[in-house]
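I have a structure here, written as structure tokens, and I will follow up with some questions on it.
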Number of protein chains: 4
Amino acid sequence: MSVNLEDARRVTTAAEAFATEIGQPMNIAVVDAGGNLVSHVRQDDAWIGSVKISISKAWTSRAFNISTKDLGDNAQPTQQFFGIHTTNDGNVAIFAGGIPLVRDGVVVGAIGVSGGSGEQDHSVAEAGAAAL
Amino acid sequence: MSVNLEDARRVTTAAEAFATEIGQPMNIAVVDAGGNLVSHVRQDDAWIGSVKISISKAWTSRAFNISTKDLGDNAQPTQQFFGIHTTNDGNVAIFAGGIPLVRDGVVVGAIGVSGGSGEQDHSVAEAGAAAL
Amino acid sequence: MSVNLEDARRVTTAAEAFATEIGQPMNIAVVDAGGNLVSHVRQDDAWIGSVKISISKAWTSRAFNISTKDLGDNAQPTQQFFGIHTTNDGNVAIFAGGIPLVRDGVVVGAIGVSGGSGEQDHSVAEAGAAAL
Amino acid sequence: MSVNLEDARRVTTAAEAFATEIGQPMNIAVVDAGGNLVSHVRQDDAWIGSVKISISKAWTSRAFNISTKDLGDNAQPTQQFFGIHTTNDGNVAIFAGGIPLVRDGVVVGAIGVSGGSGEQDHSVAEAGAAAL
């Protein structure tokens, strides 16, 4: 009921292909159903500051079964989850790029992408998630 | 003058029952008068990202003798406590779900609930606190 | 394939009973197959410094599929894993009290106990694990 | 002068093949000349506690241009570097499994392997490093 390494690679390959297509090198991380890292890749010239962000986005998406984009909408000042970004030892990412991986209606892991604009990160994560 | 394990269990059982009633699995934590964890339960399928948040909410409520909902109102940008969420090594939660446990007018501990919307978390915490 | 809350409670109840029998109050934590906390209880008068240790012991036992007692033997100076206790942000416990929970030959979680001597912690964890 | 993602994949593939050959699933991480993560894979059933350790081993090997096995020999009690494992926010690994990646006599990155005995981890890292 959780993604394995083969799943993670298929998801990552699709995400990498899309990142290459839009010309924006990315960090791409995949976590399993327990939130634990299965794989990470940093494409050449992708930001080194995005290594941990990609992992945090993947973890966050699985931890709360939600895209980090949607979580971010609820985590702005005056919104119901404002402040969530400093919980869990700072591992909660509240900006676009993390998406749950769903199989037969069950969240079995998540992908996290970081390296470009929020819109780019989210679209690369979607391309990856679609390959599950 | 502090909750003990028996108290924590009574509070938790009431909170669990209400969470089940509203159909939202929750993490439920109880801390004592010293702010130290007495008990935690994660109901099946509750968010794994909410484990530490439930504990942080309970700690925060006892640490400042206030619900995290009310603390949150004072912790928004431009308000008097904005920034408090990054103090205490990131253990301060400023969104709904934490409530002090009061006996004879004295705060003897706190309950923290995380797993749903802010409104849901707060109502489950209230159900728990009422059972003290 | 992972322990649920009902499993965790059965394990915890057995551990508590044994702790009471030997007259040593304990912290008892259970994590699932992903290493995430399912439940924690601190018996009355158990050490507050053992809250996090019990959780770390449970996590460590699942993280490496080994009792923390056995891991500790390999983590002494000059042994093959010396230094492992400072990895994983300090969450690795290398002294007795953590035991994997095994079902049909598969590790499905772990129990961590802290509050007494190493021998006491280990025996209480064994009593809990036997109830799975 | 630094490994790129293609290099990291070649190194990782060789390490994975050797891990599979010896029947011990592993976490395999590669960092570049800057010590920043290029890639990580966790083979199915490899320890979840070894995710961060594999990354720490790779970072440590590049950080000091030495295998973590050799660093470990110098980091035992009474040796010249005893205590180094708690520096750098706990990211220094002092047990076998990390090896510098060298090209034309220059360290261009490192590989870190975690998931088995110290001897196994080191041999898998060697298999990976040989493929650079």
Side-chain angles (χ1 to χ4, degrees), chain B residues 1-13 15-17 19-20 24-59 62-63 88-91 101 108-115 124, chain C residues 1-13 15-17 19-20 24-59 62-63 88-91 101 108-115 124:
Chain B
M1 292 302 294
S2 174
V3 293
N4 62 13
L5 181 53
E6 188 185 334
D7 295 324
R9 282 194 158 130
R10 194 171 56 252
V11 164
T12 301
T13 298
E16 280 187 86
T20 300
Q24 187 61 45
M26 294 288 186
N27 282 268
I28 303 160
V30 174
V31 299
D32 65 13
N36 298 296
L37 190 64
V38 179
S39 68
H40 163 270
V41 301
R42 173 160 53 95
Q43 295 186 288
D44 296 345
D45 299 322
W47 297 332
I48 56 178
S50 284
V51 172
K52 289 192 180 176
I53 292 177
S54 66
I55 298 172
S56 291
K57 284 179 179 174
W59 182 82
R62 168 53 188 140
N88 286 283
D89 304 315
N91 285 319
L101 295 173
V108 292
I111 179 174
V113 175
S114 181
V124 170
Chain C
M1 292 303 291
S2 176
V3 294
N4 61 16
L5 180 54
E6 189 185 332
D7 294 324
R9 281 194 159 129
R10 195 172 53 252
V11 165
T12 300
T13 298
E16 281 186 86
T20 300
Q24 187 60 45
M26 295 287 188
N27 282 268
I28 303 160
V30 175
V31 300
D32 65 16
N36 296 296
L37 190 65
V38 180
S39 68
H40 164 271
V41 301
R42 174 160 54 93
Q43 295 185 289
D44 296 345
D45 299 323
W47 297 331
I48 56 176
S50 284
V51 172
K52 289 191 181 177
I53 292 177
S54 66
I55 298 172
S56 291
K57 284 180 179 174
W59 181 82
R62 169 50 187 145
N88 285 285
D89 305 314
N91 286 318
L101 296 173
V108 293
I111 179 175
V113 176
S114 182
V124 170

C/T20 side chain near C/Q43 side chain, heavy-atom distance below 4.5 Å: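 Of all side-chain heavy-atom pairs linking C/Q43 with C/T20, at least one is under 4.5 Å.
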Interface residue of largest heavy-atom contact number with chain B, from C/V38, C/I48, C/N4, under 4.5 Å: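 If we count pairs closer than 4.5 Å to chain B, C/V38 comes out on top.
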Side chain to side chain, B/S54 and B/H40, heavy atoms closer than 4.5 Å: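 Yes, their side chains come closer than 4.5 Å.
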When C/D44, C/D45, C/V51 are compared by non-hydrogen pairs under 4.5 Å with chain B, the top option: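 Counting heavy-atom pairs under 4.5 Å, the top option is C/D44.
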Heavy-atom side-chain proximity of C/V3 to C/R62 below 4.5 angstrom: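 No. Closest side-chain heavy atoms not under 4.5 Å.
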Residue pair C/S50 / C/G115: nearest heavy atoms and the distance that separates them: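 Distance-wise, the nearest heavy atoms are OG-N, 3.7 Å.
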Portion of C/V41 that has a non-hydrogen atom of chain B nearer than 4.5 angstrom: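 For C/V41, heavy atoms of backbone and side chain both lie under 4.5 Å from chain B.
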